[in-house]
Amino acid sequence: MTRKRTVLLISGRGSNMTALIAAAADPTYPAEIVGVISDKADAAGLGIAAARGVPVQVVARGDFASKEAHDAAIDKALTKLGAEIVALAGYMRLLTTPFVEKWQGRMINIHPALLPLFKGLDSHKRALEAGMRVHGCTVHFVTPEMDDGPIIAQAAVPVMLGDDEAALSARILKAEHRLYPTALRLVAEGKARMENGRVALSGFVDNGDNAAAAIAAPSPLRDEVDLEQLARITP
Ligand code: GRF
């Protein structure tokens with residue numbers, strides 16, 4: 001097995017980054033994290049990645065005259081690292097269309113909502129305001145429109161009585177940390193591919209191996225979200 005060279009783009013605390021680095025510490029995991037790039041020099045995730053022996057670099061927004069020049073510098077850094085897959089992990093800047101088109105099908109993102117609901121910022125606040133009983137997170141291929149690309153995997157979590165934004169986002173973040181490594185695995189193994197603007201899934205075997213457990217539904221063979229259970233705990 002050749003492991004896919006994967007670079008993570010971050011802007012902040014890097015908890016999803018940390019989950020991906022942890023998954024890839026297993027030599028049988030199909031992706032290898034070969035670098036972390038941040039657009040912010042003070043991103044907390046940089047120290048975490050460095051402490052785990054992952055090469056880090058800062059490509060700061062302020063050092064470039066335009067978005068295009070900034071993205072071109074990131075592209076150059078990715079090429080130098082030999083990136084085969086790019087995973088956005090809390091990267092807080094919309095990427096330019098030429099950059100996205102160049103990496104399309106090889107670049108993925110995690111969003112804290114069940115897309116296509118609640119694109120953009122403050123998804124937990126808006127889910128609470130909408131009275132959602134189920135909320136979640138999505139890993140998708142990146143396309144030029146924000147949070148709009150084809151869906152690779154999703155995890156659903158219940159909205160509990162008395163939830164505020166902090167409680168709900170903490171529950172979802174836990175799901176994100178399980179979902180993202182599962183989704184990156186699918187992409188690295190070629191089981192989830194972007195074809196004609198959609199996700200094509202193949203190569204799934206239902207061998208009872210329930211890596212994503214009850215919350216994640218990345219498998220097209222099995223209904224892993226237990227909706228009856230959800231109905232019991234949501235009013
Ligand atoms: C996560 O909620 C992710 O879904 C969103 O930004 C947040 C990043 O958090 N895109 P972290 O930096 O991974 O801790």
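Both ligands and their constituent atoms are indexed starting at 1 by order of listing.
Below 3.5 Å of separation, one finds an N or O of E176 facing an N or O of ligand 1. Residue L173 has no N or O atom closer than 3.5 Å to an N or O atom of ligand 1. Remark: ligand 1 and G14 share an N or O pair separated by less than 3.5 Å (distance only, no angle test).
Considering only residues two or more places apart in sequence or on other chains, H111 meets the ring pair (Phe, Tyr, Trp, His ring centres under 6.0 Å) condition with none of them.
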* Asked: Where do V56 and V58 land on the side chain to side chain contact (heavy atoms under 4.5 Å, CB included) test, with the steps shown first?
  -> CA-CA 7 Å; V56 297; V58 176; over 6 Å; no
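Grouped with L94 in one hydrophobic cluster are M146, the linkage being side-chain heavy-atom contacts under 4.5 Å among Ile, Leu, Val, Met, Phe, Trp and Tyr residues.
Looking from atom 10 (N) of ligand 1 to the surrounding protein, the closest heavy atom is I110 O, 3.0 Å. If you check which protein heavy atom lies closest to atom 8 (C) of ligand 1, you get G90 CA, 3.5 Å.
Nearest to atom 13 (O) of ligand 1 by heavy atom, out of N16, L20, I172, N109, is N16.
We find the NZ-OG distance between K174 and S15 to be 13.0 Å, quoted to the nearest 0.5 Å.
Of the N and O atoms on the side chains of E68 and T96, not one donor lies less than 3.5 Å from an acceptor on the other residue.
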